[in-house]
Structure formats: structure tokens, C-alpha cells
There are 2 protein chains.
Amino acid sequence: MNKHILVADDDLHIREVISFALEKAGMQVTLAEDGRQAIDYFALHSIDLLVLDINMPELDGLEVCREIRKTSDTPILFLSSRDDEIDRILGLEIGGDDYVTKPFSPRELVARINVILKRVVAKPAAVMNQLQHGKLAIHLEQHAATWNGLVISLTATEFAMLQLFVRSPQRVFSRDSIMTGAYNNIYISDRTIDSHIRHIRQKFADAGCDALIETVHGVGYKLALCQ
Amino acid sequence: MNKHILVADDDLHIREVISFALEKAGMQVTLAEDGRQAIDYFALHSIDLLVLDINMPELDGLEVCREIRKTSDTPILFLSSRDDEIDRILGLEIGGDDYVTKPFSPRELVARINVILKRVVAKPAAVMNQLQHGKLAIHLEQHAATWNGLVISLTATEFAMLQLFVRSPQRVFSRDSIMTGAYNNIYISDRTIDSHIRHIRQKFADAGCDALIETVHGVGYKLALCQ
DNA sequence: TACCGCTTTGATTACCTATTGATAAGCAAT
DNA sequence: ATTGCTTATCAATAGGTAATCAAAGCGGTA
């Protein structure tokens with residue numbers, strides 16, 4: 001259960017301080033003197049978290065991170081000496097999880113490591129329950145649509161039809177397939193479909209959106225690009 | 001109560017880092033992958049604060065802010081990658097409340113968010129057990145509701161139903177889901193639900209609150225925005 | 001037991017939506 | 001331009017849903 005932390009720093013004193021603090025916090029610590037050692041050790045051991053100094057000769061922390069990230073999502077915490085060094089640590093290319101600037105308090109380092117480690121087992125954040133198509137959004141739970149942030153109230157049937165369109169944005173729906181998809185295959189007149197289309201168009205036009213639904217002559221209707 | 005934060009960033013890793021940090025700080029977090037999603041989500045949910053990445057494809061954070069500001073004063077905190085972007089943000093017409101430059105420490109972000117939130121509502125941390133939605137408050141321990149400070153006495157069933165609504169504002173509840181959520185899945189007539197809705201509406205109307213619960217024809221009922 | 005307040009329900013009315021046919025407008029090929 | 005077909009529009013109707021109310025059922029209390 002006690003976590004295995006791999007620490008890479010070229011400064012012996014720092015290594016000692018960190019090692020002492022982490023072991024005191026019940027973690028298993030492995031120390032690397034440079035990036036090369038860290039990468040090699042990582043390849044053959046199961047590590048729960050890496051602590052990487054950015055400023056190391058030869059292979060610096062960022063490069064180590066890049067290398068690690070090719071094969072692993074193991075959390076990485078960076079140590080940096082100056083603020084300007086830490087460009088994009090938390091950003092896209094690198095993929096760090098947090099950073100600490102030197103000088104740091106060992107206690108803070110431990111605290112931050114614990115935070116990151118807890119995250120691994122934490123629940124994923126709530127998923128946004130909406131379908132998106134350009135400026136159009138379908139809010140399933142709220143049973144409502146928005147266009148460019150404007151709420152557009154739809155009746156149950158209109159909502160079902162629009163939802164059908166958004167779920168297959170580029171597809172052309174014949175009136176028959178609308179009957180099957182938005183209703184339960186009940187037969188209704190083609191005029192009924194037209195009528196609902198008209199109402200939907202009207203409501204969106206009122207919100208400033210012309211041309212949400214396009215007519216494909218002789219075939220049916222489809223959702224426009226509507227960006 | 002626990003605040004609802006909407007975070008928009010196109011970088012998955014950043015979203016994860018932020019989401020974890022904020023949830024750990026007791027906030028409710030919703031993640032958006034782009035500005036469009038954020039705007040549309042915002043339209044139908046009560047959000048206490050937005051975190052917007054400035055650098056997003058399509059609709060960037062500044063544009064999102066501009067859009068939001070047309071209708072709302074909800075605090076906005078920007079994430080920016082470069083310092084030179086920041087001058088414009090704070091100075092000009094945009095209307096952001098703070099900014100954080102990447103890379104940032106999650107802890108710093110939380111701290112700044114808390115500062116902003118406290119500025120908006122300087123409230124004592126005493127009363128914990130209540131749900132809030134605009135002027136409506138559900139006092140769980142007292143088993144009572146208040147609207148705009150006025151106490152509204154509710155029966156047990158009415159209280160259970162209203163609580164269900166407040167826990168998911170703007171969500172549409174079918175009569176069935178009300179039975180499941182507010183009762184214990186016991187079958188009762190649809191008229192019973194109507195009746196309780198009527199009583200709740202009546203009591204709030206007496207307190208000066210019309211349109212607390214909206215009817216979604218053919219679907220069910222939902223709590224109005226009601227700010 | 002009788003009372004009282006809350007819950008439940010059926011009946012009635014009011015309201016809203018869906019549907020449709022008629023008519024006008026639009027499109028495409030001759 | 002004409003013709004034949006497809007789509008748009010509209011208003012009226014049918015059908016379904018919600019609001020309201022009164023009365024009955026239920027459970028606790030005096």
C-alpha cells in the first residue's frame with residue numbers, strides 16, 4: 001500500500017532532504033542522480049509518482065517527462081528553481097501534474113504528492129449531459145435546447161425530432177425515417193412532419209438562427225452546418 | 001453551500017488537474033471541452049464561477065466572456081499561457097475577475113477562486129445544512145423552505161418533492177421519476193403529483209413567488225431559474 | 001370516538017399540442 | 001413557360017394533457 005516515488009535531482013542535498021521527508025511520510029523512495037537513470041529505472045519498476053527536477057545536466061526534467069509520457073500516465077511533479085523555467089509544465093506537450101518551486105518546504109512537497117496520489121483513485125468528473133452541434137446544444141435532462149446560449153423552448157415532439165437530427169448531424173432524414181426515429185413508427189401524415197419542421201425553424205429564427213434545418217428537395221431534411 | 005464551477009479548457013490533462021483540485025476543495029465542477037459547450041451549459045445551469053482558458057480553438061475564452069457578460073455578472077477567472085495576453089484581459093472591456101498564468105499550481109487556483117467567491121458573497125460559514133437556489137432555500141434540519149427570507153411551511157411530501165427539484169435545478173422530472181425520487185417508488189396516481197405541485201405553487205405564490213415550478217407539457221415539471 | 005390535517009383520487013374544466021387538409025409557393029425537367 | 005411534383009404555410013379540429021376542486025381515505029392525537 002505504501003507508494004513508490006522516484007525522485008530525480010542532480011543535487012545531493014536536495015535528494016537527501018526529499019528522501020527523508022517522503023520516507024517519514026511512509027513512502028518508498030528511489031533516488032536518481034540524473035534523467036537517464038530515472039528513465040531507465042522507471043522502465044523496469046512500477047512507480048506511483050515521479051518527482052523531477054527540471055534543471056538537470058544532459059537530460060532535463062522536461063525531456064524525461066516527454067519520454068515517460070510516451071508510454072505512461074504516471075503522475076509527475078516538477079521541481080524548478082526559477083519561475084521562468086516552468087513553461088508549459090502543466091500544459092499539453094509535457095503533461096505534468098503539479099510543480100513546486102525551490103526553495104520548498106518538505107512538508108509542502110509531501111502534501112502535494114499526497115494530493116496527486118489521491119487523484120488517481122478519484123472519481124471522474126461529472127459528464128456534461130448535452131449534445132452539441134456548433135452553436136446548437138440539446139440539453140437532455142432539461143429537455144431544452146439552446147442556440148448560442150439562448151434558451152429555446154420546444155414541445156416534446158419538436159424536441160424528439162431535433163434530437164434525432166443532432167445525433168446524426170450530416171445525415172438526411174426522409175419523413176419516414178423521422179417517423180421511425182422520433183416517433184415510435186406510428187404513421188402520420190407528411191404534413192405533420194412539415195408542420196413540426198416549420199415550428200422548429202420559427203423558434204430558432206426568433207433566436208436569430210436562420211437555416212438551422214435544410215430542405216433536401218425530394219428526399220427530406222437535414223441539419224445545416226450552423227456554425 | 002458548495003459552489004458550482006464551470007471549467008472550459010481544451011486540454012484534457014488540465015481539465016483533470018483542475019477538476020480534482022476544485023472537487024477536493026468542496027466545489028461542484030462541470031467540465032467543458034470548448035467555449036461553445038460552456039456558453040450553452042451556462043445558459044441552463046446556475047453557475048457560481050467560470051474558469052476559462054483563453055487559448056481555445058474556435059471560440060476562445062475572451063469571446064466566451066464577452067458572450068456571458070451580455071446577460072450575467074457571474075465571476076470569471078481566466079487561464080492564460082503567456083503574460084502578454086494578460087494586459088488586455090484585466091484592462092479592457094472584457095470583464096474578467098482574475099487570471100492565472102500557466103503553468104499554475106492547483107492550490108493557487110483554488111485560493112484565487114475562493115477569494116473571488118468570498119468577494120461576491122461575504123457570508124458566515126455557520127449554517128451548513130441548506131440547499132440554495134436563487135432566492136429559494138431548503139433548510140434540511142428545520143424541514144422548511146424559505147423564499148427571499150420568508151418562511152414557507154411545507155408538508156412532508158411537499159418538502160420531499162421540492163428537495164428533489166432543488167437538487168437538480170432546471171432538470172425536468174417526469175411524474176414517474178418524481179415517484180421514484182421523492183417517494184420510495186410507491187405507485188400513486190398522477191393526479192396526486194399534480195395536487196402536490198398545486199399546493200407547493202400556491203404556498204409560494206402566497207409568498208410572492210410566481211413561477212417557481214414550470215410545467216413541461218407532455219414531460220413533467222421542473223424548477224425555474226427563478227433568480 | 002371524534003377531530004384534524006395531510007394525502008390521495010376521480011371528475012370536471014381549461015388549456016395546449018398534434019395533426020391534417022386546403023392552398024400557395026417553390027423546384028426541376030421538359 | 002409549362003407541367004407535375006414537392007414543400008411551405010395556415011387555420012381549424014381532434015386528441016391529449018394539466019389545473020382545479022371536492023370528497024374520500026388515512027393516521028395521528030386529544
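Letters go in sequence order (proteins before strands), and every chain restarts at 1.
Computed from coordinates, the I188(A) CD1 to dT19(C) C1' distance equals 8 Å when rounded to whole Å. The interatomic distance linking H199(A) (NE2) with dC16(C) (P) rounds to 15 Å, in whole Å. Rounded to a whole Å, the CD1 atom of I193(A) is 16 Å from the P atom of dT9(D). If you measure from atom CD1 of I200(A) to atom C1' of dT17(C), you get 14 Å, rounded to the nearest angstrom.
The closest side-chain donor-acceptor pair between E158(B) and H196(B), if any, does not fall under 3.5 angstrom. Between the side chains of H4(A) and S46(A), not a single donor N or O lies within less than 3.5 Å of an accepting N or O.
Atoms CE and CD1, on M161(A) and I213(A) in that order, are 6.5 Å from each other to the nearest 0.5 Å. The CZ atom of F165(B) sits 11.5 Å away from atom CG of L136(B), with the distance rounded to the nearest 0.5 Å.
A salt bridge does not link R15(B) to D9(B): none of the charged side-chain nitrogens sits closer than 4.0 Å to a carboxylate oxygen. A salt bridge links D97(A) to R69(A): one of the charged nitrogens lies within less than 4.0 Å of a carboxylate oxygen.
Counting only heavy atoms from C-beta outward, the side chains of V17(B) and D98(A) never approach each other to under 4.5 Å.
F173(A) does not carry R175(A) over the face of its six-membered ring by the limits of under 6.0 Å from the centre and within 45° of the normal.
Of the residues in residues 151-164 of chain A, those with a non-hydrogen atom less than 4.0 angstrom from any atom of DNA chain C are T155(A), T157(A).
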_Sequence-aligned protein contact record of nucleotides 14-30 of chain D, with B where the base is within under 4.0 Å of a protein heavy atom and S where only the sugar-phosphate is_ = ---SSBBB---------

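For dT19(C), one of the phosphate oxygens OP1 or OP2 lies less than 4.0 angstrom from a side-chain nitrogen or oxygen of Y183(A).
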